[in-house]
Amino acid sequence: MKLRSGSLRVRLIEPAAPSVNILSYGFYPRLGLPIIGAALEAAGHDVRIYCPQAAPIDRQDVASADLVGISTTTSTAPAAYRLSDALRADGIPVIIGGPHPTFVPDDALRHADFVARGEGGEHLMLELIEALAGARELESIRGLSFWREQHPVHNELRERCADLDTMPLPDLSLIVGARRMRETPIMTSLGCPFGCTFCTVTLMFGRAYRFRSPEQVIAELEAKRPTRVFFYDDNMAADKRRLKVLLQMMIDRGLTVPWQAQVRADVARDEELLALMRRSGCRRLALGFESIDQATLDGYAKSQTVDDVVHAIDALHRHGIKCHGMFVVGADSDTTATVRDTVGFAERHHIDSLMLNVLTPAIGTRQYDTMDAGSRIFERRWQFYDGQHVVFTPQQMTPFELQREVVRAYRGFYSLRRGLGHLRRLRVTHFLDHLWGWWFIRRWAREPANRAYVRELADRSRRQPQAHEEPLGSDATGRTVA
């Protein structure tokens, strides 16, 4: 395989999520491809990015590409593999990257010519183009996996970027249909020092926080002039002093557009920070509360208490900031009552919006390895690894019971009765948010694939499966095996 030298047509694709989810009302592209695209365009290549949730993939345009890159999570892997198989059948070289291929590169190599692992995709792609033009060896590209004489080769990983200011700014204009974005995504940090057992962030980006300078973030805001912002950091308030500097700069420069971000409950310990957040435009914060049960929090290695959760909700509301509470249910200490109690807790403490994720053993985590070793994982079709489908056997209930309780919990929290209550109190934005949640869970329950999956879980429950029972799914591609 050899590409011509000079300017190439490169098409980058992020497959759509396999099922509607609580964030489906907006278009939130991951930033890896826009960063890679910016680097490729700066090098003189013709680049377009396709995200099917923003605009359909132009198959004719992609078919004319010299090279196609696909970025995938676990739940989008089957769609990524189908697309890659079709492109390679037409003779188009394909490289697949993202979190899923990073942890299981052999899985992705069954469907791609190359696999990109870890960070630094913008450098890897430029080096791959050089190699395909005959200017360097594939073995010299760190983070690359490829085939050599019918055997997979996995080069050593690239070192993580120590200075985030050196990374290209993501070029969102390369995304076909970018106008669908309601909020401009901006990343100001990477990494997380915490070790939650179900999370892959530390595996992908490391245990040390790395930050962009406030000055560069301000420069990006001034260049893009967004009307709304979603800060993509896993914990935007990891360094509170640094964040205060950034927020004050936003205020001083007149960049106080509505924004939201993800933080931990410990943000509530700093009243000065919350006041700055509100003054700089913060309208909503998403907090990973995970559970209202201390035993479950300890099992997740969350490093927080239930009192921390309650204090955070109250503090946000005092400052006029909406609270989006994110919970994970299905831990070994959880029962069906735990799921119901979580919704009751959210209602009592007036959490504004709710995300109730099903515990999902993520590829690469200790939790996945432990459950797999214990024969508790019964589902191997990756499209169901999206935090909304039960793919393992809980200890205190059947998979069907957990799935049923999550759907019921969503219906209860996003009921019309509660939505109309917001409307009667003239809380229009709360009502609209609630109306979205009401629509989401009903659409999710009506989707044919979800209905079929719930029936499979019900059948499995009736058969009273044992831990050693054969999985529902099959291989890593999502093909069903008898």
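We're numbering straight along the sequence, starting at 1.
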- request: Dump the intermediate steps for side chain to side chain contact (heavy atoms under 4.5 Å, CB included) on Gln304 and Val309, then the final yes or no.
  value: CA-CA 8 Å; Gln304 74 181 24; Val309 172; 3.6 Å; yes
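- Side-chain contact between His389 and Gln383 is absent, with no heavy-atom pair separated by less than 4.5 Å.
- No more than 12 heavy atoms of other residues, nucleotides or ligands lie within 6.0 Å of CZ in Arg241, so this atom counts as exposed by the packing criterion.
- Ring orientation note: the planes of His434 and Phe413 are tilted relative to one another, at an angle of 30° to 60°.
- Val176 and Ala55 make their closest contact through O-CB, 3.6 Å (heavy atoms, listed as atom of the first residue, atom of the second, distance).
- Formation of a donor-acceptor pair under 3.5 Å by the Lys302 side chain with backbone atoms of Gly288 is found in this model.
- You'll find the side chain of Phe345 reaches within 4.5 Å of the side chain of Val310, heavy atoms only.
- Across all their heavy atoms, Leu128 and Leu144 have their closest contact at CD1-CD2, 4.3 Å.
- Judged purely by atom type and a 3.5 angstrom limit, Arg228 has no side-chain atom pairing as donor or acceptor with the backbone of Gln260.
- In summary, of the residues considered (Tyr410, Tyr300, Phe289), a ring-ring contact (aromatic ring centres under 6.0 Å, His included) with Phe327 occurs for Phe289 alone.
- Once rounded to the nearest 0.5 Å, the distance linking CG of Asp252 with OG of Ser280 reads 11.0 Å.
- We find that Glu127 and Arg142 are not joined by a salt bridge, their nearest charged nitrogen and carboxylate oxygen being 4.0 Å or further apart.
- Among the candidates Asp433, Asp352, Thr429, the single residue satisfying the side-chain hydrogen bond (donor to acceptor under 3.5 Å, both in side chains) test with Arg284 is Asp433.
- Heavy-atom minimum distance, Phe440 versus Ile22: CD2-CD1, 3.4 Å.
- Side-chain contact check for Ile49 versus Glu14: every heavy-atom pair is 4.5 Å or farther apart.
- When all heavy atoms are compared, the tightest approach of Pro214 to Met249 is CB-SD, 3.8 Å.
- Using cut-offs of 30° and 60° for the angle between ring planes, the Tyr28 and Phe230 rings count as perpendicular.
- Panel note: side chain Asp171, backbone Gly37; no donor-acceptor pair is recorded below 3.5 Å.
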Worked verdict on Arg264 versus Asp308 for salt bridge (charged side-chain N to carboxylate O under 4.0 Å, His left out): CA-CA 10 Å; Arg264 285 175 58 90; Asp308 292 334; over 6 Å; no
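- A distance of 7.5 Å separates OG1 in Thr102 from CG in Leu157, rounded to the nearest 0.5 Å.
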task: Evaluate the side chain to side chain contact (heavy atoms under 4.5 Å, CB included) criterion for residues Glu220 and Val217: first the C-alpha distance (whole Å), next the side-chain angles of each, then the deciding distance (0.1 Å), finally the verdict.
output: CA-CA 5 Å; Glu220 183 176 3; Val217 176; 5.7 Å; no
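- Residues Phe27 and Ile175 have side chains in contact (heavy-atom distance under 4.5 Å, counting atoms from C-beta outward).
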query: After noting the C-alpha distance and the side-chain angles of Glu119 and Arg210, does the key distance pass the salt bridge (charged side-chain N to carboxylate O under 4.0 Å, His left out) rule?
result: CA-CA 13 Å; Glu119 289 186 29; Arg210 291 166 288 155; 2.5 Å; yes
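- Judged by distance alone, the side chain of Asn235 and the main-chain N or O of Ala237 form a donor-acceptor pair under 3.5 Å.
- Within the 4.5 Å cutoff, side-chain heavy atoms of Leu243 are placed close to those of Met236.
- The OG atom of Ser140 lies 8.5 Å from the CD atom of Glu130; values are rounded to the nearest 0.5 Å.
- Under the 4.5 Å side-chain criterion, counting only non-hydrogen atoms from C-beta, Glu139 is in contact with Arg148.
- A side-chain donor-acceptor contact under 3.5 Å links Asn450 and Ser19.
- Between the NE2 atom in His154 and the CZ atom in Phe146 there is a gap of 10.0 Å [rounded to 0.5 Å].
- Using a 3.5 Å distance cut-off with no hydrogens or angles, the side chains of His319 and Glu271 do pair a donor with an acceptor.
- The side-chain heavy atoms of Leu316 and Leu274, taken from C-beta on, include a pair separated by under 4.5 Å.
- Shown here for Thr188 and Phe231, the closest heavy-atom pair between the two residues is CG2-CD2, 3.7 Å.
- One distance of note links CD1 of Ile218 with CG of Leu255; it measures 5.5 Å at 0.5 Å rounding.
- Salt bridge status for Arg11 with Asp58: absent, with no side-chain N to carboxylate O gap under 4.0 Å.
- Here the closest heavy-atom approach between residue Pro15 and residue Thr76 is recorded as O-CG2, 3.8 Å.
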- prompt: Where do Leu31 and Leu172 land on the side chain to side chain contact (heavy atoms under 4.5 Å, CB included) test, with the steps shown first?
  reply: CA-CA 8 Å; Leu31 294 181; Leu172 302 173; 4.0 Å; yes
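- Counting heavy atoms of neighbouring residues, nucleotides and ligands inside a 6.0 Å radius, atom CZ of Arg179 does not exceed 12 of them.
- In this structure, the side chain of Asn357 does not engage the main chain of Val328 through any donor-acceptor pair within 3.5 Å.
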message: Using side chain to side chain contact (heavy atoms under 4.5 Å, CB included), reason through Asp90 and Leu87 one step at a time and then give a plain yes or no.
response: CA-CA 5 Å; Asp90 290 336; Leu87 291 170; 5.5 Å; no
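- For Thr360 (side chain) and Asp386 (main-chain N/O), no donor-acceptor pair under 3.5 Å exists by modelled atom type.
- Side-chain contact between Met326 and Gln262 is present, with at least one heavy-atom pair separated by less than 4.5 Å.
- One finds the CD atom of Glu137 at 11.0 Å from the CG atom of Asn155 (value rounded to the nearest 0.5 Å).
- Using modelled atom types, no side-chain atom of His111 and backbone atom of Asp85 make a donor-acceptor pair closer than 3.5 Å.
- Between the Glu290 side chain and the Leu297 main chain, no donor and acceptor come within less than 3.5 Å of each other.
- When each of Thr74, Asp107, Thr73, Thr72 is paired with Trp382, the side-chain hydrogen bond (donor to acceptor under 3.5 Å, both in side chains) condition holds for Asp107 and for no other.
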